Amino acid sequence: MGLLQLLVVAVLASERWAAGAAEVFGNSSEGLIEFSVGKFRYFELNRPFPEEAVLHDISSNVTFLIFQIHSQYQNTTVSFSPTLLSNASETGTASGLVFILSPEQSTCTWYLGTSGIEPVQNMAILLSYSERDPIPGGCNLEFDLDIDPNIYLEYNFFETTIKFAPANLGYARGVDPPPCDAGMDQDSRWRLQYDVYQYFLPENDLTEEMLLKHLQRMVSVPQVKANALKVVTLTANDKTSVSFSSLPGQGVIYNVIVWDPFLNTSAAYVPAHTYACSFEAGEGSCASLGRVSSKVFFTLFALLGFFICFFGHRFWKTELFFIGFIIMGFFFYILITRLTPIKYDVHLILTAVAGSVGGMFLVAVWWRFGILSICMLCVGLVLGFLISSVTFFTPLGNLKIFHDDGVFWVTFSCIAILIPVVFMGCLRILNILTCGVIGSYSVVLAVGSYLSTSLSYITLNVLKRALNKDFHRTFTNVPFQTNDFIILAVWGMLAVSGITLQIRRERGRPFFPPHPYKLWKQERERRVTNILDPSYHIPPLRERLYGRLTQIKELFQKEQPAGERTPLLL
């Protein structure tokens, strides 16, 4: 019986603990929302503004509180007072306030609301800190709030930039805050360090539930360190701004942890999130990221690449067209994008035309001059370009030394040139490797126009750097999730299959086809001198065309009936 009572007590205790740790849903009472420290709360905000929020029974060892509220894409407002003031309120999808507590304060109130027409689903939490913890945004001189713990986020197609205000040292209740700019010794805020973290949401998931669920992992210091990727550490002398490569349609959460190395204490800013696209209806919205023109272009490109992957070496001229298309199209797209403001669809059409001209030009050069070294240099440079792009796609590309454009492009070019130099003695192997790797990667690009995959950024990051002068300062981290592993496996399987098939099929054959112009010239001389050759008696081209036209005309002439048509003579 005693064992049964102990079991019941344990179950009740566990249920009570679970209830205390779980999120709270819904509104508590009309016009008033009650919060508890460290507990997530879900609720819905409606017009008109405001609704009052309150926290009771604040512990005496708590020096300051940070309140934060999050929504997916609709703005919400948090304010110290019912009247909105620019230096006492914050509006956005991730908004926060710092409450500096007075000596005897045990209750805290603030106000929440939204200016939107539709109701907004929110998640909010209060975090408490002691006098030893640094105060995020405590030395703000750039933004409106006196103490601003928020991360401000801006994005475009190329980069996403986060900015935040410098922190200050912690202090006890009722004590004046340490001065922000009085000296730069170890007793001032200049000893603080800032760790910038990045967290990727699951790919192809734009739901509100998924965002709010994963935001819970980016709020407190221990959760951020356990779940997110630390990108860079800034000192107090660095500019409090960090840029990342934009990933349209991919949810990303950013946060900053300020660390006091002298006291070994930390505090977290209010995390900010972005999808690098708009949820409002219109062109470029998150719901319609894949353009029809991109899908058509990359689908046709992938069909040609798939053929090259398995048959490129056998159909040498087709492969040269493919290589010339890539080289000319890449440089032409960079040129017209930097020099002209025309729309993306027109860019893509002109790129396809220019690429086709480049492909035909390379084929014509081979047909007329037959210089194998020039053609194989182009082939090797395309493979070298992809290998160099893969190299900088790794964490190596985020090293500080490669944020300098000169160092980056010199290193990139050296890696690209190294590939044809290494394979100079075995050109057939180089050609087959290029067919398999480049042809199969075109399939990856086509898949990337339909599904979100990080592998398309292997070359897209290089293109962005060539197009945007500020892209050198960005960190190019990307998620690597289930879709990416599957597509990587498909890419590897296609490349290995294509290379193996072509090596086995070309065994015992000539390395490369003969010079086409010489063959054509020899054949023409043979026809002229060999009267017994049936081709010698072939009429000139003009007569053949005239004969064809005559045959076509006869198809439209009325057929004459058989029989005698002249009158009989008497």
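Note: hydrogens, waters and symmetry copies are ignored here, and every other heavy atom, side chains too, is used. Computed from a predicted model, the values in this text were never measured in an experiment.
Taking all atoms of both residues into account, the shortest heavy-atom contact from V258 to A167 is CG2-CB, 3.7 Å.
Comment: K469 does not engage D405 in a salt bridge, judged by the lack of any side-chain N to carboxylate O separation of less than 4.0 angstrom. Using a 4.0 Å cut-off between a side-chain N of Lys or Arg and a carboxylate O of Asp or Glu, R314 and E506 qualify as a salt bridge.
Residues S454 and E203 form a side-chain contact, since some pair of their non-hydrogen atoms from C-beta on lies under 4.5 Å apart.
Ring orientation note: the planes of F322 and F301 are close to parallel, at an angle under 30° on the 30°/60° scale. Note: Y194 and F164 have tilted aromatic rings, judged against thresholds of 30 and 60 degrees for the angle between ring planes. Ring orientation note: the planes of W491 and Y441 are tilted relative to one another, at an angle of 30° to 60°. Ring planes of Y152 and F143: parallel class, angle under 30° (limits at 30 and 60°).
The closest donor-acceptor contact from the side chain of S243 to the backbone of T474 lies at 3.5 Å or more, if one exists at all.
The distance from the CD atom of E159 to the OG1 atom of T161 is 4.0 Å, given to the nearest 0.5 Å.
Remark: of the listed residues V270, I253, I125, V270 is the sole one forming a side-chain contact (heavy atoms from CB on, under 4.5 Å) with H70.
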Please step through side-chain contact (heavy atoms from CB on, under 4.5 Å) for the pair V296 and T299, ending with a clear verdict.
-> CA-CA 5 Å; V296 172; T299 300; 5.9 Å; no

Let me see the working for C435 and C309 under disulfide bond (SG atoms under 2.5 Å apart), right down to the final yes or no.
-> CA-CA 5 Å; C435 291; C309 178; over 6 Å; no

